[in-house]
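Read through the structure below, which is laid out as structure tokens, and then see the notes.
FYI, side chains are in, hydrogens and waters are out, and symmetry mates aren't considered; it's all heavy atoms of this structure.
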Amino acid sequence: ACLECPVGRTSAVSAAACTPCEAGTYAAAPGAAACGACDAGKFASGTAASVCALCQSGKFQESSRSSACAACGQGTYSGGEGATSNASCRVCDAGKYNAVEAAAACDECAAGKFEVSRTGCQDCGAGTYANATASSACVDCASGSYAMSGGMSTCAACALNADSAAGASTCVCNAGYRATSGAANAGCAECEAGKYKPSSVCSCRSCPDHATSPLGSVAEAACVCKA
């Protein structure tokens, strides 16, 4: 008596043995006379398949009779299975990225970073910040605040009697004030009597010989001869 070929295999009339279906084809029922081709969006990677599998998320296949699916490229993603076109690979939204192929979703850039070319994130530069995830650009620190280093999610306020322009990485002491510990960010104190400091310089300057000035003087004109 003749026997039926099992699923995944076929035979011709009067054949002595069953032949496994090739990769990219399948036979779902016993006794099949021929293997069927996997449809677009599906694949069969090995021989003797009884069913074709859907392309996974992040992949697609435009052709039938395929043994594998193609991957969506970096910076794109595909969230559904069984995609039949590379049009299913969508570009990551602004502020999101992926650096790998065959991604099912995109990741968000962390706070303090911004998205670059949909394939990665970069630290905000000094003087700028990003206070939310998924940022596509960083924002300048407002005047009166600063970000000394890159990758900041907030800007710090300048110390009392110090100020900064927008987008600053450090603060400067106001006229008549000096940094208390080498940097204005740590605090500013009045210039001592007998000294002065315009806003354009970093340290207090001494009045000429035999002259003095009040605390916190901002110009040499404040220096007067000692009695």
Side-chain angles (χ1 to χ4, degrees), residues 3-13 15-125 128-139 149-154:
L3 301 175
E4 283 188 329
C5 290
V7 294
R9 297 173 183 269
T10 63
S11 68
V13 176
C18 298
T19 302
C21 293
E22 297 177 348
T25 67
Y26 73 104
C35 300
C38 294
D39 294 331
K42 297 183 178 182
F43 72 104
S45 59
T47 60
S50 61
V51 66
C52 298
L54 291 170
C55 291
Q56 303 101 318
S57 298
K59 296 185 176 183
F60 66 95
Q61 181 50 258
E62 298 179 338
S63 302
S64 60
R65 203 181 182 89
S66 296
S67 60
C69 299
C72 293
Q74 292 181 338
T76 67
Y77 73 102
S78 175
E81 296 182 326
T84 60
S85 169
N86 63 359
S88 66
C89 301
R90 290 173 286 180
V91 176
C92 295
D93 293 334
K96 297 184 179 182
Y97 75 99
N98 72 61
V100 298
E101 295 183 337
C106 299
D107 296 317
E108 293 184 340
C109 292
K113 297 176 181 287
F114 67 100
E115 166 262 310
V116 180
S117 302
R118 306 297 200 273
T119 58
C121 303
Q122 184 173 315
D123 283 350
C124 293
T128 68
Y129 73 102
N131 62 2
T133 59
S135 294
S136 58
C138 301
V139 180
S149 59
M152 301 301 294
S153 59
T154 59

Among residues at least two apart in sequence or on other chains, which ones pass salt bridge (Lys or Arg N to Asp or Glu O under 4.0 Å) with Glu62? none
Distance-only donor-acceptor hits, side chain of residues 71-83, under 3.5 Å, sequence neighbours excluded:
from  : atom 1 : to    : atom 2 : distance (Å)
Gln74 : NE2    : Ala99 : O      : 2.7
Thr76 : OG1    : Gly73 : N      : 3.2
Thr76 : OG1    : Gly73 : O      : 2.6

Under the rule for side chain to side chain contact (heavy atoms under 4.5 Å, CB included), what residues qualify as partners of Val116, not counting sequence neighbours? Phe114, Gln122
Could you tell me which residues satisfy side-chain hydrogen bond (donor to acceptor under 3.5 Å, both in side chains) with Ser67, sequence neighbours excluded, listed by chain and number? none
Could you give all pairs that pass the side chain to side chain donor-acceptor pair (under 3.5 Å) test and reach residues 88-116, with sequence neighbours left out? Glu108-Thr133, Lys113-Asp123, Glu115-Arg118
Closest contact, heavy atoms only, Ser149 versus Met152: O-CG, 3.1 Å
To the nearest 0.5 Å, what is the distance between OH on Tyr129 and OG1 on Thr154? 9.0 Å
Exercise answer: donor-acceptor pairs, residues 26-43 side-chain atoms, under 3.5 Å, sequence neighbours excluded:
none

Listed partners of Ala111 passing side chain to side chain contact (heavy atoms under 4.5 Å, CB included), at least two apart: Ser153
Name all residues meeting the side chain to side chain contact (heavy atoms under 4.5 Å, CB included) criterion together with Ser63; count only those two or more places apart in sequence or in a different chain, and write none if there are none. Gln61, Ser66
